[in-house]
Every structure is written in C-alpha cells, then in structure tokens.
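Notes to accompany the following structure.
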Amino acid sequence: MSQLPTIGHLIDGKLTDGNANARSQSVYNPATGKAEKRLLLADKTTVEQAIRSAQAAFPAWRNTPPLKRARVMGNLKGLLEKHADEICALITAEHGKVLSDAAGELQRGIENVEYASYAPELLKGEHSKNVGPAIDSWSEFQPLGVAAGITPFNFPAMVPLWMWPMAVACGNTFVLKPSERDPSSTLRIAELALEAGLPPGVLNVVNGDKEAVDTLLTDPRIKAVSFVGSTPIAEYIYAEGCKHGKRVQALGGAKNHAVVMPDADIANAVNALMGAAYGSCGERCMAIPLVVAIGDTTADAVVAALKVEIAKMQVGPGTDASSDMGPLVTKPHFEKVRGYVDQGVKEGATLVVDGRGVSVSGHEDGYFLGPCLFDHVKPGMVIYQEEIFGPVLGVVRVKTLQEAMDLIDAHEYGNGTCIFTRDGEAARYFSDNILVGMVGVNVPLPVPVAYHSFGGWKRSLFGDLHAYGPDAVRFYTKRKTITQRWPSAGVREGAVFAFPSSK
Ligand code: NAD
C-alpha cells in the first residue's frame with residue numbers, strides 16, 4: 001500500500017475513508033508528473049451513506065428560514081476570501097493552471113456563493129388576490145429534496161460552486177461528486193462550508209468514478225442531477241438520470257469559434273485571442289480553439305500577430321509567477337492533445353507554431369505542451385471537428401460573415417462564440433442569429449456573471465435550464481400553486497358541475 005496521503009469523503013459533517021476495501025487511484029502534480037496523493041474511490045455503499053445523510057438532513061434544512069440559510073452563504077464567502085491562497089495552491093497543485101488563473105476561477109465561484117445569499121429574495125413567490133369569489137391564489141417554490149452534482153476537472157472550485165450553494169440556499173440537501181483528477185480544493189471548500197455553519201448532512205462530498213456516479217443516477221432518493229463535463233458523458237447522464245425519473249441538466253463539451261472581421265482592431269483581437277486560446281492551457285469549455293478570419297488579408301494579419309505574441313509566452317509551472325501557461329492536467333490528456341497536433345499535420349493544416357517538444361527545465365516529467373497554432377484548418381478535419389481541450393488554436397479562412405456563421409451553425413457544439421468587429425450592424429446580426437448559447441462582441445470569453453445563467457446550445461447542453469443564476473433557482477425548486485378560499489360560516493352553496501372559470 002502506498003504511503004501517499006489519502007483523500008476520502010465528507011459525509012454527515014465528517015471526513016471519512018468510506019468502505020475500507022474500496023478502490024483508489026493516484027492524484028498527480030501535472031507540473032512534476034509525480035503522484036502526490038491517493039484518492040479513495042467511493043463504492044455504492046459509501047455513496048448510499050452520503051445519500052442517507054442528505055435525506056436525513058433535508059426536513060430540518062427545508063424548514064430553516066431562508067435568511068438563516070443565506071447567512072451561511074455570507075459566512076462562506078468570507079471564509080473563501082480568507083482561505084483564497086490555500087485553495088488556489090490546491091487547484092494549481094492538481095490541475096496545473098497558473099495561480100492567477102486559479103484566483104480568477106475562485107473569484108467567479110465566490111460570486112456564485114454571493115448570488116446564492118440572495119435566495120430569500122429569489123424564492124419569493126407570486127400572489128394573486130380574488131382570482132374568484134373570495135379566492136386567493138399563490139405560487140411558491142419548494143425545494144426538491146436531495147440533489148446531486150457531478151463536476152469536471154477543469155474548474156474544481158468554480159463549477160461545484162455553480163451548483164450546491166444555490167441548491168442548498170433553496171432548501172435542498174446535496175451530494176457532490178467532484179472530478180477524480182483534482183479533488184482537493186473541492187473538498188476543502190466543503191469543509192469551509194461546515195465552518196460557515198452548514199449543518200452536517202446538508203452538503204456531502206463523495207470522491208469516486210463511474211460506480212459513484214451510477215449510484216447517484218439510479219438511487220430514487222436523488223431528485224435532481226446537475227452535471228458538467230464532456231458531451232458523451234453528459235448525454236449518458238441525461239439519458240440515465242431522466243430514465244430514473246430525475247430532473248437533469250447536463251452541460252457538455254465545446255468548440256468555440258471566434259470570428260475576426262476585416263474591420264476589427266487586429267492588435268486587440270489578437271491579445272484577446274491569446275488569453276482565450278492558451279489561458280488555462282486551453283482546458284476551458286469557453287476557450288477559443290478556432291478563429292474564423294474573414295478574408296485572406298485578415299487571416300494573414302491575425303496569423304502574423306499571433307506568431308509574435310506566442311513567441312513571448314512563458315510555459316512553466318503554475319506556481320511560478322512568470323508562467324503564462326502551465327501543464328496539461330494528466331499524462332493521458334497530454335498524449336491525447338499532442339496526438340491531435342500530429343493529426344492536424346497529417347490532415348494537411350499548416351502548423352505555424354509547434355509546441356511539441358517543449359521542455360521546462362527542472363520539470364522534465366511535467367505534462368507541458370507549448371502553444372500550437374495551425375493555419376488553413378478546414379471543416380471536416382478532425383482538429384476542426386473535435387474538442388481538443390489543449391493549447392491548440394486553428395485558423396479557418398472564409399470569405400464572408402455568412403460563410404463563418406454557416407460553419408458555426410453546422411458545428412455539433414454551441415457553447416460560446418464571439419465576433420471581433422467595429423461594425424455594429426454585423427455584430428447585431430451575428431449575436432441575434434447565431435445558434436450558440438453564449439455570445440461575445442469583442443469579448444473573447446463571454447462567461448455570464450453569477451446573476452445571469454450559463455449554458456450552451458446544441459450538443460453542449462442536455463436539458464432545459466442553464467446553470468447558476470436565475471435558472472438555478474428554477475432548477476433546484478418545484479413550483480407549487482395553492483388556491484385558497486375560506487367560505488363565510490353558515491353560507492351553503494349547491495354543487496357546481498360546470499368547470500370553474502371567471503366568466
Ligand atoms: P469528463 O466528462 O471526463 O468527467 C466529468 C465528470 O464525469 C467527472 O466527475 C467524472 O468522474 C465523471 N465521469 C467520467 N466518465 C464517466 C462515466 N463513464 N460514467 C459516469 N461518470 C463519468 O470531463 P472532464 O474531462 O473532467 O472535463 C472536461 C470536459 O468538461 C470538456 O469536455 C469540457 O468542455 C467540459 N466542460 C463543460 C463545461 C460547460 O459548462 N459546458 C464546463 C467545464 C467543462
């Protein structure tokens with residue numbers, strides 16, 4: 001048995017290893033390639049224990065005044081700010097992203113906690129007096145019971161915070177299954193939630209893999225499932241969850257296009273593209289892996305400027321303040337992304353900047369891939385069609401905005417897109433008509449703020465409601481409409497067989 005420190009689960013307010021015979025796997029530091037921790041994978045029994053705890057905590061939590069629940073969110077916000085450096089260090093040690101990027105992710109997560117603290121206002125119902133003779137009617141939003149969240153590796157702090165704070169602020173209890181690749185920051189935040197005053201059982205964290213997920217998907221006590229991850233798994237989660245009678249929202253993968261118009265401010269557009277393509281090593285569902293340049297003159301200018309900017313980039317460990325880009329998350333993912341670069345060359349795209357073979361001194365076993373840039377990428381190529389999720393940017397050349405929009409509309413994903421232009425009419429036409437859920441105009445990463453909702457179209461989201469923001473309040477509650485009459489004592493009315501109406 002390995003001597004590495006272990007990571008277990010948080011059930012009923014206590015850290016636990018779960019079933020002693022459960023499987024386990026290593027958690028690596030991607031900057032060094034070394035296994036640093038051993039993650040205990042929850043089996044069915046352990047997940048069921050977490051569900052039981054959440055189920056037991058539900059009645060009291062449901063009846064806790066919304067303002068008291070909201071105060072826990074306020075306390076948590078303070079604790080997350082106080083422990084920000086510690087949390088960011090955990091993110092970088094397991095994900096690899098640079099510390100400033102981890103800080104940005106955490107801040108976006110904190111903003112979701114802050115929005116969840118407005119739940120008492122957001123949960124207010126709708127009231128109508130005298131809908132009939134002495135009859136009043138109102139709608140209220142009741143919690144569902146136990147909800148579950150299943151999250152990806154690329155935002156281990158932020159994406160869980162999209163889910164459970166609003167779920168519990170609305171009166172639900174929760175079982176969270178974080179990514180097995182970088183679970184430590186997620187678990188630490190859950191511990192801080194206890195310190196903030198969340199009663200035991202309201203939030204439970206089970207680390208694990210498919211066995212844990214499948215237990216959540218099939219257990220009848222789980223009423224709703226929020227998922228964020230890759231499209232094949234999102235599709236599976238949606239189908240399985242629905243089959244078992246749950247409300248499901250499953251956010252999937254992406255391949256976001258940025259359109260650069262001939263009138264765009266090229267220098268500003270290129271700076272924006274650099275961060276959007278290579279920030280977090282391209283491991284963001286809102287990253288820009290494709291530029292669609294309108295006209296060869298635009299494309300030539302964009303490619304030339306990108307080359308200059310890429311040459312200035314520093315690749316190195318995320319803990320080094322001079323690094324712009326850290327390593328990829330795991331060795332298999334590194335190999336997969338490098339394989340896509342090989343594939344692009346084979347398919348005939350022009351590899352303008354080759355990041356393969358980058359080596360970081362003192363970190364030779366880290367999963368570092370330098371920024372890669374392809375020109376003359378064509379629809380139909382695998383590197384155009386598939387989500388690479390790495391530092392690989394492709395330039396596609398088209399002649400008109402309409403041609404660019406047709407390409408984007410035909411793509412299987414519809415998460416995010418953006419247009420760089422000074423032409424208001426073109427921008428308005430683009431944002432009005434494009435078949436994508438989140439659109440930026442001169443904004444490369446149009447990730448909605450916490451008080452709007454986040455979600456893509458087409459195969460980037462399965463379900464009806466988007467994540468966080470106002471949609472989350474609807475996702476984690478059920479509407480109930482009550483119609484009430486108190487007839488005056490002593491007044492007797494005959495039976496009425498016609499359907500009641502206001503006529
Ligand atoms: P992933 O799909 O591999 O894993 C996501 C979660 O699903 C993890 O918790 C994992 O344990 C679980 N899982 C994996 N395989 C499973 C299986 N066979 N059965 C049941 N559960 C399984 O995704 P990832 O690699 O962790 O994250 C990257 C992906 O997430 C990318 O595709 C990215 O675009 C997507 N993503 C989407 C959004 C969005 O909002 N649309 C946000 C972030 C990431």
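For ligands, and for the atoms within them, numbers begin at 1 and follow the listed sequence. Residue numbers start at 1 and run along the sequence shown.
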Closest to atom 44 (C) of ligand 1 (judged by heavy-atom distance), picking from Thr231, Leu41, Asn154
Asn154
Nearest-contact summary for atom 28 (C) of ligand 1 - protein heavy atom, Å
Phe389 CE2, 3.6 Å
Select the closest option to atom 16 (C) of ligand 1 among Ile233, Val447, Ile237, judged by heavy-atom distance.
Ile233
With a 4.0 Å cut-off on heavy atoms, is Val228 touching ligand 1?
yes
Please check this pair: side chain of Ser431 against backbone of Ala427, looking for a donor-acceptor N/O pair closer than 3.5 Å.
yes
Please check this pair: side chain of Thr92 against backbone of Ala89, looking for a donor-acceptor N/O pair closer than 3.5 Å.
no
Using a 4.0 Å cutoff against the non-hydrogen atoms of Phe454, which atoms of ligand 1 qualify?
39 (C), 40 (O)
Compute the minimum heavy-atom distance from Arg181 to ligand 1 and say whether it is under 4.0 Å.
yes
Donor-acceptor pair, distance only, cut-off 3.5 Å: does the side chain of Asp17 make one with the backbone of Gly8?
no
Among protein heavy atoms, which sits nearest to atom 10 (C) of ligand 1, and what does the distance come to when rounded to 0.1 Å?
Glu180 OE1, 3.5 Å
Should Thr151 be counted as touching ligand 1, given the test is an N or O pair under 3.5 Å?
yes
Take atom 4 (O) of ligand 1 and look for protein heavy atoms under 4.0 Å from it; say yes if you find one, no if not.
no
Heavy atoms of other groups near Lys458 NZ, more than 12 under 6.0 Å
yes
Counting N and O atoms only, with roles assigned by atom type, does the side chain of Ser226 sit under 3.5 Å from a partner on the main chain of Gln249, one being a donor and the other an acceptor?
no
Those atoms of ligand 1 less than 4.0 Å from some heavy atom in Val213:
20 (C), 21 (N)
Contact (N/O only, under 3.5 Å) between Ser230 and ligand 1
yes
Tell me which one of Gly455, Cys285, Ala467 gets a heavy atom nearest to atom 42 (C) of ligand 1.
Cys285
For ligand 1 and Gly253, I'd like to know whether there is a polar contact (N/O to N/O, distance under 3.5 Å).
no
Atom 27 (O) of ligand 1: the protein heavy-atom neighbour that sits closest, reported with distance to 0.1 Å
Pro152 CB, 3.3 Å
Can you check whether Ser184's main-chain N or O pairs, donor with acceptor, with Glu94's side chain at less than 3.5 Å?
yes
Report yes if some heavy atom in the side chain of Pro156 is under 4.5 Å from a heavy atom in the side chain of Thr151; otherwise report no.
no
Tell me, with the steps shown, if Lys77 and Glu81 meet salt bridge (Lys or Arg N to Asp or Glu O under 4.0 Å).
CA-CA 6 Å; Lys77 175 177 177 285; Glu81 285 162 350; 3.1 Å; yes
Between Lys255 and Glu387, is there a salt bridge with N-O shorter than 4.0 Å?
no
What residue and atom, counting heavy atoms only, is the protein's closest point to atom 7 (O) of ligand 1, and at what distance?
Phe227 CE1, 3.3 Å
Is there a salt bridge (Lys or Arg N to Asp or Glu O under 4.0 Å) between Arg284 and Asp101? Walk through the geometry before answering.
CA-CA 11 Å; Arg284 292 178 182 147; Asp101 191 33; 2.8 Å; yes
Of the protein's non-hydrogen atoms, which lies at the shortest distance from atom 32 (O) of ligand 1, and what is that distance?
Glu387 OE1, 2.6 Å
Please walk me through it: do Asp209 and Arg23 pass salt bridge (Lys or Arg N to Asp or Glu O under 4.0 Å)?
CA-CA 10 Å; Asp209 55 12; Arg23 294 170 296 121; 2.8 Å; yes
Judged on heavy-atom distance to atom 26 (O) of ligand 1, which of Tyr236, Trp162, Phe153 sits nearest?
Phe153
Would you find a donor on one side and an acceptor on the other, under 3.5 Å apart, between the side chain of His244 and the backbone of Glu240?
yes
Could you tell me whether some N/O pair between Gly229 and ligand 1 is separated by less than 3.5 angstrom?
yes
Ring centres under 6.0 angstrom apart (His411, Tyr384)
yes
Mind checking whether Gly252 has an N or O less than 3.5 Å away from an N or O of ligand 1?
yes
Taking atom 12 (C) of ligand 1 as the reference point, the nearest protein heavy atom with its distance
Ile150 CG2, 4.2 Å
Less than 4.0 Å is my threshold; does some heavy atom of Gly456 fall inside it relative to ligand 1?
no
When you measure from atom 19 (N) of ligand 1 to every protein heavy atom, which one gives the shortest distance, and what is it?
Lys210 CG, 3.5 Å
Side chain proximity check, Ile288 to Tyr278, heavy atoms < 4.5 angstrom:
no
Would Asp214 count as a polar contact of ligand 1, with the cut-off being nitrogen or oxygen pairs under 3.5 Å?
no
